[in-house]
Amino acid sequence: MRINIFLVIVMITDLHPGRRTSYRNLDWVTSISPTQSVEEGSSVELECRLGNVPDRAEVAWVRIRGVEEVDYLSVYDKEDGQIDYEEEQATSEMIEEEEGWVWRLILSKVTTSVAGLYQCQVLIHDEVVSSRKVLLNVLDPNKVEHNTKFVITKQGRNITLDCTDFEGEDVNWKRLGDCQHHSAPNSISDRAMNETTVVQNGKRLSLIRVDRSDSGIYVCSVSGGSKTMNVSLLVQHIPTIIPSKSIMSQFPGYPSSLSCEVTAVPVPAVSWYSLSSPLSPSLIKSHGDLSITIDDYKDGRMTSSLVFYNVTQEDYGQYSCNSTNILGQASATVKLEFSPIPVLTESGSATRHGQMYKIVMTFLVMITMQVG
């Protein structure tokens, strides 16, 4: 009899595992650093942004070894604080912000043995309920072509750019002209059109009290241009947001989207809010005929879009595009309004029913001309 009772209890426990499974796939880890590629011997910082994590939760930085096999590097909870398990190799730093927490993992003097996937986890009752991964690539300095460098610095600091790796005495620095859109040039002709005059001669270029306007691509030329190296300088700054269009119009039943370009260093968290509620802004999450997309973060820029696959009457109204990083936050307001006719896309027709709409309009025009 005791065995039978025990078996029944086990079956009930398996069928009703309790609250633990209800926590899965929560968005408490809101963002994580993009893929990092660093040379062996250098240091790297991985950043994990957290939402409103409950007090009972633990947060962990782990390195993924294999399927369900991880090495715990650091653990944090609000009662005991943080514990770093491998202080010589990795240390962590937790910073509280208005809209959540930022947790950094700093890896010092990396070697090829530490390359791989790292994960930021939120755990409740030792169960991972929210997580994001970041890939760390560690490069052999002897196999890296030193023709591009990336430098990130804080506003107000002095910084020196150098190309001492190159031999030769005839060295000068030029800056690519379009510093506000400082992506690397696509071709030699693009570079020639955008280069400014010589900034300075010598293998080192010193910049004093840099600010956002100093961000850009600096080109070091050696021996009359026979060798060049690009240095991409990004100066940390609070986010700025520019809507692609402040007002978008669409007829019900057709797709539309609202977009904003976000510029920020370091990488920001982007969110969308509906301003139609009379009480307070309402956070938007992807569901059904509505999704949020974010283009890859590159050169301090990204574009986020709020996509409506099938516009309804309830979708019309004002929306806010919000961006936050460790230095501050910004927002911009855009509006989706009613259009009496479907709005054509750039290809010349509204998707879904666009071609039918064109045919019907053409037919009506022909009838009107004949009647006239």
Side-chain angles (χ1 to χ4, degrees), residues 23-34 36 43-63 72-87 89-108 118-134 136 152-157 212 234-241 262-273 280-285 292 294 297 300 302 304 320-332:
Y23 289 112
R24 287 188 178 277
N25 302 320
L26 296 175
D27 293 328
W28 286 333
V29 180
T30 58
S31 67
I32 201 167
S33 301
Q36 301 290 302
S43 299
V44 65
E45 181 177 291
L46 308 179
E47 184 177 280
C48 170
R49 302 187 73 88
L50 306 170
N52 295 320
V53 177
D55 292 345
R56 64 184 179 279
E58 287 185 325
V59 190
W61 269 110
V62 303
R63 182 188 172 199
Y72 279 86
L73 303 176
S74 184
V75 174
Y76 173 89
D77 64 56
K78 292 186 177 179
E79 181 178 352
D80 299 324
Q82 66 193 51
I83 300 175
D84 296 327
Y85 293 106
E86 300 182 20
E87 293 183 351
Q89 176 188 346
T91 57
S92 60
E93 179 184 23
M94 181 71 79
I95 299 175
E96 185 176 7
E97 295 184 343
E98 290 183 2
E99 297 186 0
W101 297 76
V102 177
W103 196 20
R104 297 191 182 94
L105 181 70
I106 301 97
L107 302 174
S108 303
Y118 290 76
Q119 188 176 54
C120 177
Q121 301 178 341
V122 177
L123 304 96
I124 292 182
H125 305 308
D126 296 327
E127 179 186 6
V128 178
V129 295
S130 182
S131 66
R132 287 180 187 264
K133 301 184 186 75
V134 56
L136 173 62
I152 299 177
T153 186
K154 292 183 178 180
Q155 184 169 324
R157 286 186 175 180
R212 182 185 169 189
L234 292 175
V235 180
Q236 293 184 350
H237 60 87
I238 64 173
T240 59
I241 300 178
V262 180
T263 305
V265 180
V267 59
V270 179
S271 55
W272 285 86
Y273 289 84
S280 62
S282 175
L283 178 64
I284 298 174
K285 295 184 178 181
I292 297 174
I294 296 179
Y297 179 76
M302 66 170 64
S304 179
S320 176
C321 176
N322 291 43
S323 177
T324 305
N325 67 6
I326 59 175
L327 300 178
Q329 59 183 357
S331 64

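Just so you know, these numbers use all the heavy atoms, side chains as well, and skip hydrogens, waters and symmetry mates.
No side-chain donor-acceptor contact under 3.5 Å links W61 and S92. With hydrogens and angles left out, the side-chain atoms of N322 and S331 include no donor and acceptor closer than 3.5 Å.
Residues S43 and E45 have side chains not in contact (no heavy-atom distance under 4.5 Å, counting atoms from C-beta outward). In this structure the side chain of M302 reaches within 4.5 angstrom of the side chain of P268, judged on heavy atoms. Side-chain contact between Y118 and L136 is present, with at least one heavy-atom pair separated by less than 4.5 Å. Residues Q119 and V29 form no side-chain contact, since every pair of their non-hydrogen atoms from C-beta on lies 4.5 Å or further apart. The shortest distance between side-chain heavy atoms of H237 and T263 falls below 4.5 Å. In this structure the side chain of P239 never reaches within 4.5 angstrom of the side chain of T324, judged on heavy atoms. Using a 4.5 Å heavy-atom threshold, the side chains of S304 and I292 count as touching. A 4.5 Å side-chain heavy-atom check between L73 and V62 finds every atom pair outside the cut-off.
The distance from the CD1 atom of I95 to the CG atom of L50 is 11.5 Å, given to the nearest 0.5 Å. T91 OG1 to L107 CG: the interatomic distance, rounded to the nearest 0.5 Å, is 8.0 Å. Rounded to the nearest 0.5 Å, atoms CG (L234) and CZ (R212) are 11.0 Å apart. Atom CD in E58 sits 11.5 Å away from atom OH in Y76 (nearest 0.5 Å). Expressed to the nearest 0.5 Å, how far NZ of K154 lies from CG of L327 amounts to 8.0 Å. Rounding to the nearest 0.5 angstrom, the gap separating the CD atom in Q329 from the CD1 atom in I241 is 9.5 Å.
A 6.0 Å sphere centred on NZ of K78 holds more than 12 heavy atoms belonging to other residues, nucleotides or ligands.
Panel note: side chain D84, backbone E86; no donor-acceptor pair is recorded below 3.5 Å. A donor-acceptor pair is defined here as one N or O able to donate and one able to accept, closer than 3.5 Å; such a pair exists between the side chain of D77 and the backbone of D80. No side-chain donor-acceptor contact under 3.5 Å links E47 to the backbone of I32. Not a single donor-acceptor pair under 3.5 Å links the side chain of S131 to the backbone N or O of Q121. Panel note: side chain S320, backbone Y273; no donor-acceptor pair is recorded below 3.5 Å.
In plain terms, the two heavy atoms of V134 and P34 that are nearest each other are CG2-O, 3.3 Å. Closest approach of G300 to V265, counting heavy atoms only: CA-CG2, 4.0 Å. Here the shortest heavy-atom pairing between G51 and W101 reads O-CD1, 4.3 Å. Here the shortest heavy-atom pairing between N325 and A264 reads ND2-CB, 3.8 Å. Of all heavy-atom pairs spanning N52 and W28, the tightest one is O-NE1, 3.6 Å.
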Let me see the working for C321 and V270 under side-chain contact (heavy atoms from CB on, under 4.5 Å), right down to the final yes or no. CA-CA 7 Å; C321 176; V270 179; 4.2 Å; yes
With side-chain contact (heavy atoms from CB on, under 4.5 Å) as the criterion, how do S74 and W103 come out once you've worked through the C-alpha distance, each side chain's angles and the decisive distance to 0.1 Å? CA-CA 10 Å; S74 184; W103 196 20; 3.3 Å; yes
Tell me, with the steps shown, if R132 and C120 meet side-chain contact (heavy atoms from CB on, under 4.5 Å). CA-CA 6 Å; R132 287 180 187 264; C120 177; 5.5 Å; no
Would Q236 and I152 satisfy side-chain contact (heavy atoms from CB on, under 4.5 Å), going step by step from the backbone distance to the final call? CA-CA 7 Å; Q236 293 184 350; I152 299 177; 4.0 Å; yes
